[in-house]
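Just below is one structure, and these are the notes that go with it.
Naming: A, B, ... by sequence-line order, numbering from 1 per chain.
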Amino acid sequence: MAQQSALTPQAEDFPRWYQDVIAKAELADNGPVRGTMVIRPYGYGIWERIQAELDARIKAAGAKNAYFPLFIPESYLTREAEHVEGFSPELAVVTHAGGAQLAEPIVVRPTSETVIGEYMAKWVQSYRDLPLLLNQWANVVRWELRPRLFLRTSEFLWQEGHTAHATREDATAYAQHIQLEVYRDFLVNVLATPTYVGIKPPSERFAGAINTLTCEGMMRDGKALQMATSHELGQNFAKAFEMRFQSSEGKEELCWTTSWGASTRLVGGLIMAHGDDQGLIVPPRVAPIQLVILAIKETPEVTAVVTKLGDALRTAGIRVEIDRGSGSFGRRVVDWEIKGVPLRLEVGPRDLEQGHVILARRDTGDKQSLTVDTVVSTTTALLADMHDEILASATMRLETNTHEVNSVDEAIEASSGGFGRISWDLLVDGGEAQLRDQAITVRCLQRADGSLPVDEQESGLVALVAKSY
RNA sequence: CGGGGAGUGGCGCAGCUUGGUAGCGCGCCUGCUUUGGGAGCAGGAGGUCGAGGGUUCGAGUCCCUUCUCCCCGACCA
């Protein structure tokens with residue numbers, strides 16, 4: 001049987017590969033309204049893993065979950081000038097409800113700074129109430145002209161954190177803490193995606209923020225993807241919503257606020273950062289299924305061993321699925337490869353006669369045979385190694401496709417299949433616009449050593465430029 | 001909004017030039033055989049051809065109107 005590839009090869013047409021893999025791995029479907037997305041169980045399983053890992057880190061950072069309404073009075077949005085200007089083109093507005101036209105239109109939240117600001121103002125009276133650290137898991141709507149599943153949908157799922165602080169320093173420190181200890185830590189240790197952490201140039205900043213921090217990842221086609229951001233909002237929203245508190249000296253002062261978010265876009269990032277021509281490669285810690293046991297043929301012996309192994313692996317804390325399915329061996333293997341399940345344990349009558357089973361890795365394709373009694377220990381160790389190796393190869397790709405450049409022309413060249421690293425000074429005077437004409441943007445600004453700058457005025461900053469999703 | 005395409009079973013497409021029984025691949029269902037890298041054979045289900053109007057004995061095909069979707073250019077997690 002001629003081996004025909006199940007997916008469009010990445011090198012042939014990357015966007016097509018992306019669509020193919022989403023369909024064939026059963027991650028998502030287009031919704032009935034343009035730009036909307038149906039997340040299928042396997043895709044949602046990945047999102048649930050992302051949620052669990054992020055939520056734990058957010059709680060460790062001291063924030064507590066709450067929930068605010070989907071509907072926001074239009075007048076709230078208009079209170080912060082930059083914010084409303086930034087978001088008005090993509091708002092969905094409800095003008096009719098209950099069979100009548102509404103006196104004041106209601107906006108479907110594109111983000112919740114405004115409602116949350118209103119309530120924070122109510123809850124904060126004293127410096128003793130600060131910092132106020134909130135997070136919510138929610139859906140938001142931003143009407144998109146060019147939707148792409150997971151990457152840009154008109155409705156998406158995310159977490160949005162909102163905090164209020166007594167001082168600017170405290171707010172700055174918290175935004176940085178979230179960016180590094182929540183987002184970067186998650187991206188490295190769970191998603192196995194190395195990123196460049198930096199600040200956005202003014203042109204790319206969140207509407208209403210005085211500073212935006214970002215983690216920029218590189219996809220396998222060399223394009224950038226913004227994976228998570230946190231914003232220092234200064235006192236812009238505090239002013240608009242009169243978030244005041246009485247200091248220990250008895251003076252009335254304005255709060256300093258932050259907001260920060262990560263969305264279902266992360267699933268898109270996961271797909272494009274690791275996937276290959278055989279399908280997804282899901283790193284073990286984010287994998288809803290870490291190991292699939294594939295019963296090659298259902299003899300009583302195979303069934304017994306498969307059941308026993310499944311129980312043992314689950315007891316060891318590994319997320320296991322058993323495939324006793326009908327259908328050919330090859331077909332089932334290909335299907336699990338497309339889904340990117342990290343490990344596949346093949347159990348057949350022939351193996352059992354010889355007293356072993358076969359363990360195959362999705363990322364490298366390596367197979368080994370091992371005795372039944374060593375399966376749990378081998379698997380546990382291998383899952384840990386696989387995370388490190390997937391991260392290492394992604395890091396290698398990030399580094400080899402990032403080029404130091406010294407001119408705008410070289411930056412354009414570097415952006416054809418990766419990132420350019422260029423002195424920010426070379427871009428401030430018209431260079432950024434020149435890049436933008438080539439669909440290249442400044443993804444973030446860093447210090448020369450890769451650390452986070454305070455603001456874009458700092459001298460000696462380096463810009464990472466690339467085409468992006 | 002400017003430019004370019006496409007609407008035909010679940011998905012991907014042919015048929016239209018030159019009107020005459022609506023087809024192909026994949027998928028799906030049933031049965032038998034097969035499960036060690038996308039199984040084989042046999043049988044079967046499933047379509048108001050985007051919508052409306054017109055021409056004609058007869059329209060997927062020709063004419064008019066209309067709707068929708070996709071791709072490329074200005075925003076965004």
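Nearest heavy-atom pair, A:Ala295 versus A:Arg324, reported as atom, atom and distance to 0.1 Å: CB-CA, 4.3 Å.
Distance noted for atom C1' between B:G47 and B:G10: 12 Å (whole Å). The separation of B:C49 from B:G7, taken at their C1' atoms, amounts to 10 Å, rounded to a whole angstrom. A distance of about 11 Å separates the C1' atoms of B:U8 and B:C16, rounded to the whole Å. To the nearest whole angstrom, the two C1' atoms, one in B:A22 and one in B:G58, are 15 Å apart. Taking atom C1' on both nucleotides, B:C62 is separated from B:U56 by 10 Å, rounded to a whole Å. Between the P atoms of B:U21 and B:G60, the separation comes to 10 Å (whole Å).
When each of B:G36, B:C76, B:G37 is scored by its nearest atom to the side-chain atoms of A:Arg344, the top-ranked nucleotide is B:G37.
A donor-acceptor contact shorter than 3.5 Å is absent between the side chain of A:Arg152 and the backbone of A:Tyr469.
With hydrogens and angles ignored, no donor-acceptor pair closer than 3.5 Å exists between the side chain of A:Ser328 and the base of B:A39. Residue A:Lys367 places a side-chain atom within donor-acceptor reach of the base of B:G37, judged by atom type and a 3.5 Å distance cut-off alone. In the interface, the side chain of A:Arg332 is not paired with the base of B:G36 through any donor and acceptor atom under 3.5 Å apart.
Under the 4.5 Å side-chain criterion, counting only non-hydrogen atoms from C-beta, A:Glu346 is not in contact with A:Ile293.
Taking the ring axis of A:Tyr42 as reference, the NZ or CZ atom of A:Lys339 stays within 45° of it and closer than 6.0 Å to the ring centre. The side-chain tip of A:Arg79 points at the ring of A:Tyr76 from less than 6.0 angstrom away and within 45° of straight on.
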Identify each atom pair where a protein N or O and an N or O of nucleotides 71-74 of chain B are less than 3.5 Å apart, giving names and distance.
from, atom 1, to, atom 2, distance (Å)
B:C72, OP2, A:Arg146, NH1, 3.0
B:C72, OP2, A:Arg146, NH2, 2.8

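When ring centroids are compared, A:His83 and A:Phe206 come within the 6.0 Å threshold. Ring-centre distance between A:Tyr119 and A:Phe241: not below the 6.0 Å cut-off.
Stem list for RNA chain B (at least 3 consecutive Watson-Crick or G-U pairs, distances under 3.5 Å): B:1-7 with B:67-73, B:10-13 with B:23-26, B:28-33 with B:39-44, B:50-54 with B:62-66.
What separates CH2 of A:Trp143 from P of B:A77 is a distance of 18 Å, to the nearest Å.
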TODO: Would you check, one step at a time, whether the test side-chain contact (heavy atoms from CB on, under 4.5 Å) holds for A:Thr441 with A:Glu204?
DONE: CA-CA 9 Å; A:Thr441 49; A:Glu204 300 281 320; 3.7 Å; yes
